[in-house]
Amino acid sequence: MRDAYHEELDSIGDSLVEMARLVGSAIGRATTAILDSDLKLAESVIEGDQKVDDLQHDLEARAIALLARQQPVATDLRIVVTSLRMSADLERSGDLAQHVAKLTRLRYPSRAVPQDLHATILEMGQLAQRLMAKAAEVIITKDVDLALQLEQDDDAMDLLHRTLFQHLMDERWKHGIETAVDVTLLGRYYERYADHAVAVAKRVVYLVTGEHADELQPDIQPEIQPVSGVEGA
């Protein structure tokens, strides 16, 4: 019985990794769709989000069943509860990737992103994907230092987000109000997506140590750096 119990705990972790990989792929494909005005790709992202939702619902059902049957305590209880919270972060990340894809569909056949902002949006999409890939690695390895590093890595996304607003506030902005709204929304989607990746990593820290990530300091420097010269973009 205990072997089956721990196998079920492991399977919950496997589901979290699968969710992280799916939403990581989703944000990458959604970014390509919005920049290329690729309706077919956008629709695949929108439809694919159902798999992430299904995984979350299945994970929730299994976690609740474990709580009811096994009444776990200490570390095992922390695993179950933290996994539920991580699944919510990952599901929301999938929703944000879907929002990017839906904006593609809304503006099709026009492009939601003006050419002079393509590089910034592309970098935000690539960075979001890298952050989620690192979050998946943290789930697998339970590496606390790597998890703590993610919050520092997220500084690059915050910088890119500020860059978008610099463009929007520039008196030379010539793309109109509708495009300004689209770009503002996109910036928010990517910024929030990155926040959820960081939240997943922080929850792993709590799972492993029983302490909140804000109470700890990483021993290594961030690996993900802002794009060179982005402040002057």
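The analysis underlying the following values was restricted to heavy atoms, covering all of them including side chains, and did not include hydrogens, waters or symmetry mates.
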Inset, instruction - Give the cluster check for Phe165 versus Tyr193: same hydrophobic cluster or not, with ILVMFWY residues linked at side-chain heavy-atom distances below 4.5 Å. - result: yes
Inset, instruction - For Asp143 and Asp145, indicate whether the former's side chain and the latter's backbone hold a donor-acceptor pair under 3.5 Å. - result: yes
Legend entry - Reported CD-to-CG distance for the pair Gln115 and Leu35, which is rounded to 0.5 angstrom: 9.0 Å
Legend entry - Crowding at NZ, Lys142 (>12 non-hydrogen neighbours, <6.0 Å): yes
Legend entry - Sequence-distant partners of Glu137, side chain to side chain donor-acceptor pair (under 3.5 Å), two or more places apart: none
Inset, instruction - Enter the distance from Asp195:CG to Leu131:CG here, rounded to the nearest 0.5 Å. - result: 10.0 Å
Legend entry - side chain to side chain donor-acceptor pair (under 3.5 Å) partners of Arg188, counting only residues at least two apart: Glu191
Legend entry - Least distance between heavy atoms, Val198 atom then Asp154 atom: CG2-CB, 3.7 Å
Inset, instruction - Might you point out which heavy atoms bring Pro114 and Val183 nearest each other, and give the distance in Å? - result: CD-CG2, 4.1 Å
Inset, instruction - Give me the ring orientation class for His99 and Tyr189: parallel if the planes are under 30° apart, tilted from 30 to 60°, perpendicular past 60°. - result: tilted
Legend entry - Under 3.5 Å donor-acceptor, Gln98 side chain and Ile46 backbone: yes
Inset, instruction - Check Gly125 against Tyr190 and note the closest heavy-atom contact, atom names and distance. - result: CA-CE2, 3.6 Å
Inset, instruction - Run the numbers on Gln149 and Lys134 for side chain to side chain contact (heavy atoms under 4.5 Å, CB included), then give the verdict. - result: CA-CA 10 Å; Gln149 186 188 90; Lys134 185 177 279 191; 2.2 Å; yes
Legend entry - Reported CG-to-CG distance for the pair Asp182 and Leu106, which is rounded to 0.5 angstrom: 7.0 Å
Legend entry - Set of residues satisfying side chain to side chain donor-acceptor pair (under 3.5 Å) with respect to Ser15, sequence neighbours excluded: Arg62
Inset, instruction - Mark yes or no for whether His118, through its side chain, and Val113, through its backbone, hold a donor-acceptor pair below 3.5 Å. - result: yes
Legend entry - Ala197 to Leu150 - nearest heavy-atom pair and separation: O-CD2, 3.4 Å
Legend entry - Shared hydrophobic cluster, Leu9 / Leu55 (ILVMFWY, side-chain heavy atoms < 4.5 Å): yes
Sequence neighbours left out, cut at 3.5 Å: what donor-acceptor pairs do the side chains of residues 17-30 make with other protein atoms?
from, atom 1, to, atom 2, distance (Å)
Ser25, OG, Arg29, NE, 3.2
Arg29, NH1, Ser44, OG, 3.0

Inset, instruction - Answer yes if Leu127 and Val45 sit in the same cluster of Ile, Leu, Val, Met, Phe, Trp and Tyr residues linked by side chain heavy atoms under 4.5 Å apart, and no otherwise. - result: no
Legend entry - Ionic contact status for Asp89 with Arg92, cut-off 4.0 Å: no
Inset, instruction - Could you walk me through whether Asp49 and Asp95 pass the side chain to side chain contact (heavy atoms under 4.5 Å, CB included) test, one step at a time? - result: CA-CA 7 Å; Asp49 188 56; Asp95 287 346; 3.1 Å; yes
Legend entry - Non-hydrogen atoms of Leu77 and Pro72 that approach each other most closely: CB-O, 3.5 Å
Legend entry - Distance (rounded to the nearest 0.5 Å) between Gln71 CD and Asp76 CG: 13.0 Å
Legend entry - Evaluation steps, salt bridge (Lys or Arg N to Asp or Glu O under 4.0 Å), between Lys102 and Glu43: CA-CA 8 Å; Lys102 284 183 175 179; Glu43 293 289 2; over 6 Å; no
Inset, instruction - Spell out, as yes or no, whether a donor-acceptor pair under 3.5 Å connects the side chain of Ser87 to the backbone of Leu84. - result: yes
Legend entry - Side chain to side chain, Val100 and Leu186, heavy atoms closer than 4.5 Å: yes
Inset, instruction - With the side chain counted from C-beta on, respond yes when Leu164 and Met124 share a heavy-atom pair under 4.5 Å apart, and no when they do not. - result: yes
Inset, instruction - Looking only at non-hydrogen atoms, find the nearest pair between Thr31 and Leu122 and report the distance. - result: CG2-CA, 4.2 Å
Inset, instruction - Determine, using the 4.5 Å side-chain heavy-atom cutoff (strictly less than), whether Leu168 and Leu103 are members of one ILVMFWY cluster. - result: yes
Inset, instruction - Begin from the C-alpha positions of Thr32 and Asp38 and carry the test side chain to side chain contact (heavy atoms under 4.5 Å, CB included) through to its verdict. - result: CA-CA 8 Å; Thr32 299; Asp38 188 330; 5.5 Å; no
Inset, instruction - Please list, chain by chain and in numerical order, all residues satisfying side chain to side chain contact (heavy atoms under 4.5 Å, CB included) with Ser83, sequence neighbours excluded. - result: Ile12, Leu16, Ile79, Met86
Legend entry - Partner set under side chain to side chain donor-acceptor pair (under 3.5 Å) for Asp116, not counting sequence neighbours: His175
Inset, instruction - Report the distance from atom OG1 of Thr82 to atom CD1 of Ile139, rounding to the nearest 0.5 Å. - result: 11.5 Å
Legend entry - Asp54/Lys51 ion pair, N-O < 4.0 Å: no
Legend entry - Point-to-point distance, once rounded to the nearest 0.5 Å, from CG of Asp58 to CG of Asp53: 12.5 Å
Legend entry - Joint hydrophobic cluster, Trp173 plus Ile177, side-chain heavy atoms closer than 4.5 Å: yes
Inset, instruction - Without swapping roles, check the side chain of Ser37 against the backbone of Ala33 for a donor-acceptor pair under 3.5 Å. - result: no
Inset, instruction - Tell me, with the steps shown, if Leu96 and His196 meet side chain to side chain contact (heavy atoms under 4.5 Å, CB included). - result: CA-CA 10 Å; Leu96 291 163; His196 284 294; 3.7 Å; yes
Legend entry - Whether Arg78 side chain and Leu207 backbone form a donor-acceptor pair below 3.5 Å: yes
